[in-house]
Amino acid sequence: MDRVNFGDKLSVAPVAVGMMNLLEWGLDAKRLSERVKEYLELGLTTYDFADIYGNGGCEVLFGEMLRLEPSLRDKVEIITKGGIVYDKLRRPYFVSESYNLSKDYLISACEASLKRLGVESVELYLIHRPCPLMEPGEMADAMETLQKEGKVNNFGLSNFLPEQIAALKAYTDIPIVTNQIKMSVKCMDFLADGTQEDALRRKMPLMAYSPACGGELYRKNLSREDFEIVKVLREIQEELGAETIDEVLYAWLYRLPVKVIPVTGTGKKERVLRAVKALEYKMSREQWYDILRIARPGHVSAKYHDI
Ligand SMILES: NC(=O)c1ccc[n+]([C@@H]2O[C@H](COP(=O)([O-])OP(=O)(O)OC[C@H]3O[C@@H](n4cnc5c(N)ncnc54)[C@H](OP(=O)(O)O)[C@@H]3O)[C@@H](O)[C@H]2O)c1
């Protein structure tokens, strides 16, 4: 598998393994280490976390695994995120309360992630969401401090719009190596809000979260709209010779001009592998547009002229 460059200093696998649902997969540290070893053999070296996942528990479990198998540390790229405020002492389950991108908060959130993971640094730290009260100068200070102290090797953003990235970039020369956003056949905002063009301009790959639409298209009782989308996905699945519609979902993202790294959410190895398999397909322009037209009606101008 060809790896993808995130700036000059980091390369990642073309598919990242999302760890948001790790605690639901029923793995203890030992079984997680076996799973990670299987993934590593397939070239899946990149793992995506956030401090809020499992109220910190996902990072804790991965940290336990690394303590059990310290040799795995240098074989993986750890991505984690901070900036969403949560209070696990006050809440039995996660509730997103607010965002805080102040210097002190970002530094302490990152340090808490490192502690839970039991590592000295992470390969990539993402600021999880833009905050209406964010002060780019403070964010830049936090990034510079974390980089100088050797706690973060690279920085990226998540859910940021082009103008918000530009505002931060006005205050720092530290490269922003990616923006992680929701991207799928059910979430195409990136086509209309300038995100794709911004990434192309910055020569920056995007990370696509919820690439399999969070599982929405596999429900038993599909809405009329989802039923129509699945119908088209199945037709294209057959044309591509793919085994499942999952592969079509990923191939649709890979057909974009911007480089896209999907962040899978499934706990099932065979489903993660479909994201890898889909790297082989080259979706035609017609197939790509067939999905766009059905999934985002109105995106393509439907005005016909009599000749
Ligand atoms: N930056 C952000 O703000 C942000 C937000 C959300 C998520 N993320 C990251 O993105 C990752 C992926 O997000 P996501 O979980 O929404 O991704 P996703 O891959 O679109 O959805 C995963 C869900 O879909 C189900 N699923 C996938 N393929 C299926 C199939 N063929 N049949 C039935 N169900 C299927 C999975 O169930 P099974 O496990 O049973 O397969 C799982 O519940 C997260 O782990 C996290 O790392 C980032």
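Whatever order the structure lists ligands and atoms in, that order sets their numbers, starting from 1. Bear in mind that the values here come from a model prediction, so they are computed numbers and not experimental data.
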For atom 43 (O) of ligand 1, decide whether some protein heavy-atom distance is shorter than 4.0 Å.
no

Give the atom numbers and elements of ligand 1 that come within less than 4.0 Å of a heavy atom of [X].
| X | answer |
| --- | --- |
| Asn21 | 15 (O) |
| Asp48 | 9 (C), 46 (C), 47 (O) |
| Gly18 | 45 (O), 47 (O) |
| Tyr53 | 4 (C), 7 (C), 8 (N), 9 (C), 46 (C), 47 (O), 48 (C) |
| Cys213 | 20 (O) |
| Lys268 | 38 (P), 40 (O), 41 (O) |
| Arg274 | 31 (N) |

Between Val15, Asp246, Thr266, which is the residue that forms a side chain to side chain contact (heavy atoms under 4.5 Å, CB included) with Arg274?
Asp246

among protein heavy atoms, the one nearest atom 37 (O) of ligand 1 is Arg271 NH1, 3.9 Å

Tell me the nearest of Asn159, Ile84, Thr264, Val272 to atom 3 (O) of ligand 1, using heavy-atom distances.
Asn159

Lys182 to ligand 1, any heavy atom closer than 4.0 Å
no

